[in-house]
Amino acid sequence: MDPPRSLFPALPPAGHALLRLVDSCRAPTHLRALRAAHARLLFLLRLPSHPASAAVRVKLIQAYAACAALPAARAVLDSSPDRSTIFFNVLLRGLTAASLHRDALLLFASMQAQGPACFPDHYTYPLALKSCAATNGLILGLQIHSSTARLGLDGNLFVAHSAISMYARCGRPDDAYQMFEEMQYRDVVSWNAMISGFAHAGLFGRAMAVYRELVALQCPRPDAGTMASILPSMENARIEDITFVREVFDDIQFKGLITWNAMLAIYANNEMHVEAVELFMRMQKDGIEPDAVTLATVLPSCGEVSALSLGKRIHETIKSKRMCSSMLLENALMDMYASCGCLKEAREVFDSMGVRDVVSWTSIISAYGRHGLGREAIDLFEKMLGQGQEPDSIAFVAIIAACSHAGLLDVGKRYFYSMTSGYHIPPTVEHYTCMVDLLGRAGCISEAYDFIMMMPIKPNERVWGALLGACRIHSNMDIGFLAADNLLRLAPKQTGYYVLLSNIYARAGRWADVSTVRSVMESKGIKKLPGVSNAELGDRVHTFHIGDTSHPQSKMIYEKLGELLQRIREIGYNPEVEATLHDVEEEDREGHLSVHSEKLAIAFVLINTKPGTPIRITLNLRTCGDCHHAAKLISTVTNREIILKDVNRIHYIVQGVCSCGDYW
DNA sequence: ATAGGGTTAG
């Protein structure tokens with residue numbers, strides 16, 4: 001579409017064509033074309049004297065900013081004799097879009113001195129307030145907000161919304177809410193600003209309350225922005241809130257990409273990976289074209305439910321749309337493949353990458369680590385250093401965890417100590433947890449305990465949990481009880497710890513402590529996370545719970561499982577009653593063990609696939625010793641590879657041998 | 001010719 005004639009009175013046809021070209025320059029790769037068009041415009045119009053000059057310059061500033069060439073955009077502004085507020089507004093927009101908020105605020109501050117033609121207006125203030133919010137600049141934000149009031153601009157919705165957002169993000173959520181309540185007229189963005197404001201202030205409950213109030217009002221209607229605004233409040237959300245948001249989502253008439261992407265992210269952030277995958281499938285059925293954000297959101301969920309064929313289809317989509325230049329997607333692909341046990345494919349993605357960042361390296365290092373291939377992880381870490389890529393805090397978590405999974409005690413320790421000595425990266429509680437794990441699994445229980453005692457930060461539940469797990473493996477009850485008591489005192493949120501605690505105490509006959517565990521769980525309202533296994537078949541993910549009989553093929557699955565258990569008993573399987581991590585009544589133990597969700601999922605895949613097809617299962621807990629043993633023997637008698645991803649690592653089982661070396 | 005809320009990895 002041509003720009004309005006009135007703004008470009010004396011522009012020849014060639015000028016219009018050039019302006020269209022300028023408008024189409026929206027990415028750094030278009031910069032050459034933009035410079036060329038700029039040069040030809042200069043020649044054609046003999047800028048700056050041409051009557052259309054101002055409007056052309058505004059377009060040039062906009063285009064340079066969109067191409068991330070901010071100095072060039074600035075140069076156009078500086079060289080304009082006829083500059084006015086709008087020039088500054090456009091450049092400000094470019095700076096805020098590039099997150100250059102300090103530069104934006106400096107530019108804003110310079111406007112006043114340029115004279116009345118360049119005074120900030122109702123377009124300028126929202127941008128300036130946004131930069132205050134992003135830089136936590138409450139004082140400046142207050143000053144700017146009071147300027148808008150002096151100029152009578154505070155009734156402008158754009159100004160009001162950016163002020164609400166600024167207050168909420170600068171630690172004044174109550175002031176934000178007061179402004180919101182005092183507004184004469186509110187549109188949907190007013191509500192969205194308040195919802196996201198509370199979210200960014202960490203007040204998730206208040207964000208949800210405002211969200212529910214908006215929905216109850218029926219007017220204005222929630223939109224894509226509403227979905228995106230509630231998203232950050234929905235980490236570990238209550239299931240009724242998620243269901244509620246889903247209903248709102250279903251009611252949104254014209255769902256754009258952001259609406260879909262936000263709903264996908266809500267599922268993905270709440271461990272509802274099957275729902276995320278199903279929503280993605282529905283999205284495709286409805287003919288909505290996914291973008292890079294969609295795919296980066298759904299790929300981790302594919303990994304979490306072993307949806308390898310969907311993951312591969314997404315990979316094909318990425319290739320066919322030439323999205324592969326996006327590092328974000330390549331990194332997500334590596335993780336998806338690794339979670340599905342496809343180390344080779346993960347490595348192929350890594351090797352094919354033109355540019356790699358620390359996230360890419362960390363992804364491939366942790367892929368090897370999760371597979372128990374510590375040596376390869378170390379080689380890659382060293383290669384990363386050799387190529388001049390600086391490791392960061394998370395890269396060290398990955399390499400120390402890799403050493404831990406492979407039992408490489410000394411190397412792991414060396415990496416831990418090199419963090420502070422070589423890289424000035426202070427270890428976080430994550431690193432300490434990995435170290436306790438590393439020491440504990442290697443059998444250095446008392447060293448691990450001393451390590452915790454000397455930690456400069458307060459050990460959390462994961463640290464004590466790692467020690468307790470190690471004590472269980474190595475049957476060190478003295479330190480085990482110390483760890484257990486500390487863990488119990490922290491009233492951990494992860495339910496798996498209660499099972500671990502309960503078992504430890506029960507094994508020692510400390511029944512009083514067993515009932516304390518139960519009462520702590522009850523008083524904190526902690527419900528056991530039910531064990532769930534997932535397996536993909538065709539274009540669906542099938543889910544199994546412990547003792548599940550709801551699957552249509554349930555009868556066949558149990559028959560198959562009975563047959564399998566019979567066959568593996570013949571080659572030495574004996575249910576490890578004591579090793580169960582699921583707490584069940586004593587007399588029911590052996591019966592219960594046979595129906596752990598991972599066993600059901602294995603039987604299900606065996607029934608429905610051709611001989612030799614690998615069996616990919618994911619489990620949302622740590623696999624228990626009994627299922628691990630059974631899976632190894634099943635892999636032998638059925639001649640199948642079993643790839644079991646649990647919360648901690650990947651068990652790649654071939655002919656009765658697991659990649660974890662029975663050490664997990 | 002310009003402005004508000006908002007989605008993506010280790």
Side-chain angles (χ1 to χ4, degrees), chain A residues 3-4 6-8 19 23 52 54-63 84-94 96 120-130 133 153 156-166 168 187-197 199-200 222-232 256-266 268-269 290-300 303 323 326-336 338 356-367 369 391-399 401:
Chain A
S6 58
L7 279 166
F8 305 94
L19 278 185
D23 274 339
V56 171
R57 283 168 193 282
V58 167
K59 282 198 172 295
L60 283 168
I61 294 173
Q62 210 172 20
S84 61
T85 303
I86 187 167
F87 285 74
F88 287 87
N89 292 347
V90 173
L91 183 56
L92 269 179
R93 173 73 240 248
T96 54
D121 65 5
H122 54 297
Y123 283 80
T124 320
Y125 287 110
L127 292 164
L129 286 167
K130 189 188 184 127
L153 293 175
N156 179 297
L157 283 186
F158 289 82
V159 173
H161 299 155
S162 54
I164 288 173
S165 178
M166 182 276 294
D187 69 5
V188 67
V189 181
S190 319
W191 290 86
N192 297 347
M194 198 60 248
I195 292 165
S196 87
H200 284 99
D223 68 355
T226 319
M227 291 294 297
S229 298
I230 196 64
L231 170 56
L257 259 182
I258 290 186
T259 311
W260 287 95
N261 292 351
M263 193 66 231
L264 279 173
I266 289 170
N269 294 343
D291 68 353
V293 176
T294 317
L295 302 181
T297 306
V298 79
L299 272 172
M323 287 185 187
S326 160
M327 244 195 309
L328 199 90
L329 286 175
E330 292 168 312
N331 296 344
L333 276 172
M334 282 191 276
D335 282 334
M336 183 276 296
R356 303 185 186 103
D357 65 359
V358 69
V359 181
S360 320
W361 286 98
T362 307
S363 295
I364 195 70
I365 288 165
S366 75
D392 67 3
S393 183
I394 302 174
F396 275 106
V397 172
I399 191 64

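Every chain is numbered from 1 and lettered A, B, ... according to where its sequence line falls, protein lines coming before strand lines.
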Atom-to-atom span, [atom1] of [X] to [atom2] of [N] - whole angstrom:
X         : N       : atom1 : atom2 : value
Leu60(A)  : dT2(B)  : CG    : P     : 14 Å
Ile266(A) : dT8(B)  : CD1   : P     : 10 Å
Ile258(A) : dT8(B)  : CD1   : C1'   : 11 Å
Ile365(A) : dA9(B)  : CD1   : C1'   : 15 Å
Met327(A) : dA9(B)  : CE    : P     : 14 Å
His200(A) : dG5(B)  : NE2   : C1'   : 10 Å
Leu153(A) : dA3(B)  : CG    : C1'   : 12 Å
Leu329(A) : dG10(B) : CG    : P     : 13 Å

Which nucleotide, [options], lies nearest any side-chain atom of [X]?
X         : options                 : value
Lys130(A) : dG4(B), dT7(B), dG10(B) : dG4(B)
Ala193(A) : dA3(B), dG5(B), dT8(B)  : dG5(B)
Thr297(A) : dT8(B), dG4(B), dA9(B)  : dT8(B)
Pro126(A) : dT7(B), dA3(B), dT8(B)  : dA3(B)
Asp187(A) : dA9(B), dG4(B), dT7(B)  : dG4(B)
Tyr123(A) : dA3(B), dG4(B), dT8(B)  : dA3(B)
Phe158(A) : dG5(B), dT7(B), dG4(B)  : dG4(B)
Asp335(A) : dA9(B), dT2(B), dA3(B)  : dA9(B)
Ser366(A) : dG5(B), dG10(B), dA3(B) : dG10(B)

key: Pair Asn331(A)-Ser363(A), side-chain donor/acceptor within less than 3.5 Å   = no
message = Under a 3.5 Å threshold, yes or no: a donor from one side chain and an acceptor from the other, between Asp121(A) and Thr85(A)?
response = no
Touch class at under 4.0 angstrom, heavy-atom based, for [X] against every strand present:
X         : answer
Ala262(A) : nothing
Val159(A) : nothing
Leu127(A) : sugar-phosphate
Leu231(A) : sugar-phosphate

Confirm from the modelled atom types if [X] and [N] form a donor-acceptor pair under 3.5 Å, side chain to base only.
X         : N       : value
Asp357(A) : dG10(B) : no
Thr362(A) : dG10(B) : yes
Asn156(A) : dG4(B)  : no
Asn192(A) : dG4(B)  : no

Within the 4.5 Å heavy-atom criterion, are [X] and [Y] side-chain neighbours or not?
X         : Y         : result
His122(A) : Phe158(A) : no
Ser190(A) : His161(A) : yes
Leu299(A) : Leu333(A) : yes

ask   = Is there a side-chain polar atom (N or O) of Arg93(A) under 4.0 Å from OP1 or OP2 of dA3(B)?
value = yes
query = Which atom pair, heavy atoms only, marks the closest approach of Ala296(A) to Leu328(A)?
reply =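 Heavy-atom minimum between the residues: CB-CD2, 3.6 Å.
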